[in-house]
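This report concerns only the one structure given below.
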Amino acid sequence: MFKTTVSLAERFFAMESAGGLLLVGSAILAMLLANSPIAAYYDLLIETPVVLQVGALEVAKPLLLWVNDGLMAIFFLHVGLELKRELMDGQLSGPGQVVLPLAGAIGGMAVPALFYTAFNFNDPVAMQGWAIPAATDIAFSLGILSLLGARVPTSLKLFLTSLAIFDDVGAIIIIAVFYSAHISMISLLIVAVCIGLLWLLNSNDVMAKTPYLIVGMIMWVATLKSGVHATLAGVVLALFIPLKNPNPSQPSPLKDLEHELHSFVSFFILPFFAFCNSGIQLTGLTLQQVVQGIPAGIASGLFLGKQIGVMGFCWLAIKLKLAKLPDQVHWGSFWGVAILCGIGFTMSLFISSLAFEDGGSIQVIDRLGIVIGSLLSGIAGYLVLKYSLKEQHGQKSG
């Protein structure tokens, strides 16, 4: 019995869609708990105070903020490692490979923000959340794409992955520019010193990962205290991890660390983040609240704005002969992927937690908008892809 259970677990975690399924399950579990008789215990869990103290230095936050500021910094470290590898030695290393996903990412951030603004332009508080529908959840979208199996062309998966990476870069820039406040110059000076140390380690070909991680931890604490969002420390650290090892017989530090973090990020950090941030209490929620500015702007931005922005900007790039459709991809399946980009879930929840940090009831209705928009995008994207890929496969067979 035990061996059978272990075997089933191994098969599940080996599935390409395992991370996405865990995300869905974690979000559903959080919503069930938040609307059950034990909802108070769920709230108690995410509000549990956690204190880290070394001498006079103290970091005291509830569990929810440790997840959002700490674990998500590791997630962004992983994103940064992936981005650096792809730009230097991967599918984004050539100019021609960058244009189409970059165009899609720009359109997929700008148009959803316009949809949100159209619903909320006259409410200054609500406008703090303009960036919420601009995000794409790479784990969810790739998880749903993987459900369609071998019929999905590899080039289509690569396009979606590349677009989501650029989308994450856009989210990082947005967080740095729009969601940082109360800047501490002393803390920023410590961050600058840490960046200098990382540069020295990199320029002197230090291949051991430990020194980078120690300096990165100090930089994370300083960034947390500086007023700039702490997750940015993860991205900065990733930029200095060496990709190429001067000794060909030794592994790449960057690829090694990326591989080590992959399972931890996919199977723990993102599902736990979803669990802690998806507990939407639906008690007393009315239809009028659901269709008001914030949730309507988020849902329409994710479901309509994303696909219009991605398709529109990519079509324009192709018509201007700056890019071309990926190999073996037709416009029908490309549209399906554009719809999948509207699954904002994890990143949208994260930006929402920054935009409405003290929002109270606002954080209920904005998360509802995220769930509705992401759910519609996931279902519609899957159906469009299933139909278009089936038709495309039928044409090839004929």
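Listed for the N204 side chain is no donor-acceptor partner under 3.5 Å among the backbone atoms of V206. Listed for the Y116 side chain is no donor-acceptor partner under 3.5 Å among the backbone atoms of A134. Counting only distance, with no hydrogens or angles, the side chain of S252 and the backbone of L243 share a donor-acceptor pair below 3.5 Å. In this structure a side-chain-to-backbone donor-acceptor pair under 3.5 Å is present from Y42 to G279. The backbone N or O of N277 sits less than 3.5 Å from a side-chain atom of R367, completing a donor-acceptor pair. Under a 3.5 Å cut-off, the side chain of S374 and the backbone N or O of F345 do form a donor-acceptor pair. Checking side-chain atoms of S333 against main-chain N and O of V329 turns up no donor-acceptor pair under 3.5 Å.
Expressed to the nearest 0.5 Å, how far NZ of K225 lies from CD1 of I190 amounts to 10.5 Å. With values rounded to the nearest 0.5 angstrom, L160 atom CG is found 8.0 Å from T136 atom OG1. The CH2 atom of W220 sits 14.0 Å away from atom CG of L213, with the distance rounded to the nearest 0.5 Å. Atom CG of residue L320 and atom CG of residue L316 lie 4.5 Å apart, to the nearest 0.5 angstrom. Here I46 contributes atom CD1 and L65 contributes atom CG; the two are 9.5 Å apart, rounded to the nearest 0.5 Å. Summarising the geometry, atom OG belonging to S352 is positioned 12.0 Å from atom CE belonging to M347; distances are rounded to the nearest 0.5 Å.
No more than 12 heavy atoms of other residues, nucleotides or ligands lie within 6.0 Å of CH2 in W199, so this atom counts as exposed by the packing criterion.
Note on M219: it clusters hydrophobically with L81, by side-chain heavy-atom contacts below 4.5 Å among ILVMFWY residues. If you chain together hydrophobic residues whose side chains sit under 4.5 Å apart, L102 and M109 never meet in one group. Under the 4.5 Å side-chain heavy-atom criterion for ILVMFWY residues, a single connected hydrophobic cluster contains both W315 and F159. I214 and V236 fall into different hydrophobic clusters, where Ile, Leu, Val, Met, Phe, Trp and Tyr residues are linked whenever their side-chain heavy atoms come under 4.5 Å apart, directly or through other members. In terms of hydrophobic clustering, with Ile, Leu, Val, Met, Phe, Trp and Tyr side chains grouped at heavy-atom distances under 4.5 Å, F268 and L257 are assigned to a common cluster.
Screening residues 39-50 for salt bridge (Lys or Arg N to Asp or Glu O under 4.0 Å), with sequence neighbours left out, gives no hits. Note on residues 297-310: pairs passing salt bridge (Lys or Arg N to Asp or Glu O under 4.0 Å), not counting sequence neighbours, are D167-K306. For residues 202-224, the set of pairs meeting the salt bridge (Lys or Arg N to Asp or Glu O under 4.0 Å) definition, not counting sequence neighbours, comprises K209-D256, K209-E260.
In this structure the side chain of P62 never reaches within 4.5 angstrom of the side chain of T48, judged on heavy atoms. Residues F119 and I298 are not in side-chain contact: their nearest non-hydrogen atoms beyond the backbone lie 4.5 Å or more apart. In this structure, the side chains of I372 and P295 stay at 4.5 Å or more apart for every pair of heavy atoms. Between I74 and F264, some side-chain heavy-atom pair lies under the 4.5 Å cut-off. Counting heavy atoms from C-beta outward, L45 and L63 have side chains that approach closer than 4.5 Å. The side-chain heavy atoms of W331 and S388, taken from C-beta on, include no pair separated by under 4.5 Å. Within the 4.5 Å cutoff, no side-chain heavy atoms of W66 are placed close to those of L71.
Partners of W335 by side chain to side chain donor-acceptor pair (under 3.5 Å), not counting sequence neighbours, listed by chain and number: Q307. D69 is linked by a side chain to side chain donor-acceptor pair (under 3.5 Å) to K61, H229, counting only residues two or more places apart in sequence or in another chain. Remark: P248 pairs with no residue by the side chain to side chain contact (heavy atoms under 4.5 Å, CB included) rule, at least two apart or across chains. D123 is linked by a side chain to side chain contact (heavy atoms under 4.5 Å, CB included) to V125, A126, counting only residues two or more places apart in sequence or in another chain. Residues passing the salt bridge (charged side-chain N to carboxylate O under 4.0 Å, His left out) test with E82: none are found, sequence neighbours excluded. Listed by chain and number, the residues in a side chain to side chain contact (heavy atoms under 4.5 Å, CB included) with L44 amount to none (sequence neighbours excluded). With sequence neighbours excluded, the residues that form a side chain to side chain contact (heavy atoms under 4.5 Å, CB included) with S263 are F267. By the side chain to side chain donor-acceptor pair (under 3.5 Å) test, S203 pairs with no residue at all, sequence neighbours left out.
Contact between S348 and P133 at its shortest, heavy atoms only, is OG-CA, 4.5 Å. Across every non-hydrogen atom of G297 and N120, the tightest pair is CA-ND2, 4.2 Å. Here the closest heavy-atom approach between residue P112 and residue G108 is recorded as CG-O, 3.0 Å. Here the shortest heavy-atom pairing between P153 and L389 reads CD-CD2, 3.9 Å. Taking each heavy atom of F350 and N68 in turn, the nearest pair found is CE1-O, 3.1 Å. Closest non-hydrogen pair, I218 versus C194, comes out as CG2-SG, 3.8 Å.
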Report task. Take M311 and F334 through the side-chain contact (heavy atoms from CB on, under 4.5 Å) test and state the conclusion after the steps. Result -> CA-CA 8 Å; M311 283 292 287; F334 193 81; 3.5 Å; yes

Pair F356, I294 - check side-chain contact (heavy atoms from CB on, under 4.5 Å), show working. CA-CA 11 Å; F356 302 121; I294 293 175; 4.2 Å; yes

| message | For L198 and L237: C-alpha separation, side-chain torsions, deciding distance, then whether side-chain contact (heavy atoms from CB on, under 4.5 Å) applies. | response | CA-CA 8 Å; L198 290 170; L237 173 59; 3.8 Å; yes

- Run the numbers on V384 and L340 for side-chain contact (heavy atoms from CB on, under 4.5 Å), then give the verdict. CA-CA 10 Å; V384 169; L340 286 185; over 6 Å; no

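Here the two rings, on F303 and F115, have centers that are 6.0 Å apart or farther.
The aromatic rings of F178 and W130 stand perpendicular to each other, their planes meeting at an angle above 60°, with 30° marking the opposite boundary. The aromatic rings of H262 and H78 lie tilted to each other, with the angle between the two planes from 30° to 60°.
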Taking distance alone, no hydrogens or angles, what donor-acceptor pairs closer than 3.5 Å link side-chain atoms of residues 375-383 to residues at least two apart or in another chain?
from, atom 1, to, atom 2, distance (Å)
S377, OG, G342, O, 3.4
S377, OG, G373, O, 2.8

